[in-house]
Amino acid sequence: MLLLNPGPVTLSERVRKSLLQTDLCHREPEFFDLQDEARHRLIAAYELDPAKWSAVLMTGSGTAAVESMIAGLVPEGGRLLVVENGVYGDRIAQIAQQYGIEHEVAKYEWMQAPDIDAIIAKLDAGTFTNVAIIHHETTTGRLNALDQLSRACAQRGIGLLVDAVSSFGAEAIDFDGGGVTAIAATANKCLHGVPGAAFVIARRDALSRAASRTYYLGIARLAKLQNARNTPFTPSVHAYYALVEALREFEDEGGWRARHARYAALAEQVRAGLAKLGIESALPAEESSVVLRAYRLPAGVTYETLHDALKAKGFVIYAGQGGLSKELFRISTMGAVTSADMDTLLSSVAELIR
Ligand SMILES: *Cc1c(COP(=O)(O)O)cnc(C)c1O
């Protein structure tokens, strides 16, 4: 089965085999070597300065990392502006609500781009310490532009917290603009690892001022212990094996730029192939990520029909979320999938709608 859903991804044989390594106690030096390698490679993935940035690992899915980032890196008494144009922006607002973090939501239609000028005007009018935004809003495949917002945050001393769960490893991220305080991501999307390991990459100065609102996901303690080759709890050891092997493979294949190019070619192949069959993209290609694209269901074909027909051919696609479930379907090109696989996918769709 080939997974064209937005994570978990189809594994390469190299990563799959890494799961079969020797059993490991998480209190032994061999585990801390693994943890150190994962942390170093995550920082190196975007050529970040390890004196300024630190990668903090945790056991959980991508949401664990987002929750850890929001709960820890909005300081005590801080105020958060949440940019929402999809399911994942809404999730951050719910996390802020859950932890009693004072926040406001800048809400946009799910098919729309956020109005960055209006958001900057809100920053000037308010007393926000932080802004949270989704980089690639997987709900629609939209890539939210970060650069202008990041610069505006930097100029105002506001910390930008980015959900990069479905962009880290495949899209450019403006770490140098000065506004980004932290990003949250996971092993099992663009990095091609398995579910169970997630991480936050944060500025060291922000980590040193982190709030302590949550126990298990407390980012300051995780960082402090990991820096001392330690861990507070039992991590998903096998997921760490896979993450490290996936990061080695990522480097061997040319890093995020090569992955971006590979995804872009696959996404364009799918877009052009579906367009020939009369299936329209939900967003213009230049507003979409290369990681996942949303398409309009063809007239007279329900998502269930399309999904089941493609599953019978060995492909798992993904439904639209919430109110978009009747209109859209989504195809991700993450993971060990090839151009030949996409040809088979397209001919299977052609067969169905003919
Ligand atoms: C996948 C995803 C998440 C996290 O989902 P999990 O199921 O917790 O891994 C968060 N944000 C975005 C943008 C995502 O695509």
Side-chain angles (χ1 to χ4, degrees), residues 3-11 42 57-71 73 82-96 98 105 108 110-111 113-114 131-146 149 160-173 180 182-201 214 216-217 235-236 239-240 242-243 246 259 263 267 282-283 287-294 316-322 324-325 328-335:
L3 301 184
L4 305 180
N5 49 288
V9 298
T10 306
L11 299 181
L42 287 168
L57 289 165
M58 61 202 76
T59 287
S61 74
T63 305
V66 174
E67 184 163 338
S68 177
M69 173 175 79
I70 299 295
L73 298 181
V82 181
V83 180
E84 181 204 316
N85 62 334
V87 167
Y88 296 101
D90 177 55
R91 187 173 293 178
I92 290 185
Q94 290 183 42
I95 290 169
Q98 181 89 39
V105 182
Y108 298 90
W110 287 7
M111 295 306 293
V131 178
I133 190 168
I134 312 301
H135 187 204
H136 167 210
E137 184 41 272
T138 323
T139 310
T140 55
R142 180 181 293 282
L143 194 66
N144 285 326
L146 294 184
L149 183 59
L160 183 59
L161 304 174
V162 181
D163 171 341
V165 176
S166 62
S167 59
F168 187 89
E171 297 285 357
I173 301 177
V180 175
I183 65 96
T186 181
N188 67 278
K189 292 202 186 187
C190 308
L191 295 178
H192 300 181
V194 306
F199 57 92
V200 173
I201 295 180
T214 156
Y216 191 75
L217 296 172
S236 50
Y240 283 42
L243 173 59
R259 193 145 290 178
Y263 288 177
L283 295 176
E287 293 176 23
S288 299
S289 76
V290 296
V291 176
L292 170 141
R293 299 275 169 90
V316 175
I317 62 165
Y318 218 50
Q321 272 159 308
L324 300 173
S325 64
L328 301 186
F329 67 100
R330 292 176 291 169
I331 291 184
S332 153
T333 44
M334 288 183 278

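Given the structure is predicted, the values throughout are model-derived calculations rather than measurements. Note that ligands are numbered from 1 as they come in the structure, with each ligand's atoms numbered from 1 the same way.
Nearest to atom 7 (O) of ligand 1 among the protein's heavy atoms is Ser61 OG, 4.1 Å. Looking at atom 2 (C) of ligand 1, its nearest protein heavy atom turns out to be Lys189 NZ, 2.6 Å. When hydrogens are left out, the protein atom nearest atom 9 (O) of ligand 1 is Gly62 N, 3.0 Å; that is the closest non-hydrogen contact.
Of the options Leu292, Val162, Asp163, Thr138, the smallest heavy-atom separation from atom 11 (N) of ligand 1 is shown by Asp163.
Using a 3.5 Å distance cut-off with no hydrogens or angles, the side chains of Trp110 and Glu84 do pair a donor with an acceptor.
Under 4.0 Å from ligand 1, the heavy atoms of Val165 that appear belong solely to its side chain. Of all the heavy atoms of Arg91, the ones lying under 4.0 Å from any atom of ligand 1 belong exclusively to the side chain. Of the heavy atoms in Ile134, only side-chain atoms (C-beta onward) come closer than 4.0 Å to ligand 1.
Of all atoms in ligand 1, numbered sequentially from 1 with element shown, those under 4.0 Å from a heavy atom of Ser166 are 13 (C), 15 (O). Close approach to Thr63 involves these atoms of ligand 1, each under 4.0 Å from a residue heavy atom: 4 (C), 5 (O), 6 (P), 8 (O).
Proximity of a side-chain donor or acceptor of Ser166 to a complementary backbone N or O of His136 within less than 3.5 Å is detected. Between the side chain of Thr138 and the backbone N or O of Gly141, no donor-acceptor pair lies under 3.5 Å. In this structure, Asn144 contributes its side chain and Ile134 its backbone to a donor-acceptor pair below 3.5 Å. For Thr10 (side chain) and Leu3 (main-chain N/O), a donor-acceptor pair under 3.5 Å exists by modelled atom type.
Between Arg142 and Glu287, at least one side-chain nitrogen of the basic residue sits less than 4.0 Å from a carboxylate oxygen of the acidic one, meeting the salt-bridge criterion.
Within the 4.5 Å cutoff, side-chain heavy atoms of Leu146 are placed close to those of Ile133. Proximity of Leu191 to Leu243: side-chain heavy atoms (C-beta onward) are separated by under 4.5 Å at one or more points.
At a 4.0 Å cut-off, not a single heavy atom of Glu137 sits close enough to ligand 1 to count as contact. Put simply, part of His136 is less than 4.0 Å from ligand 1, judged by heavy atoms.
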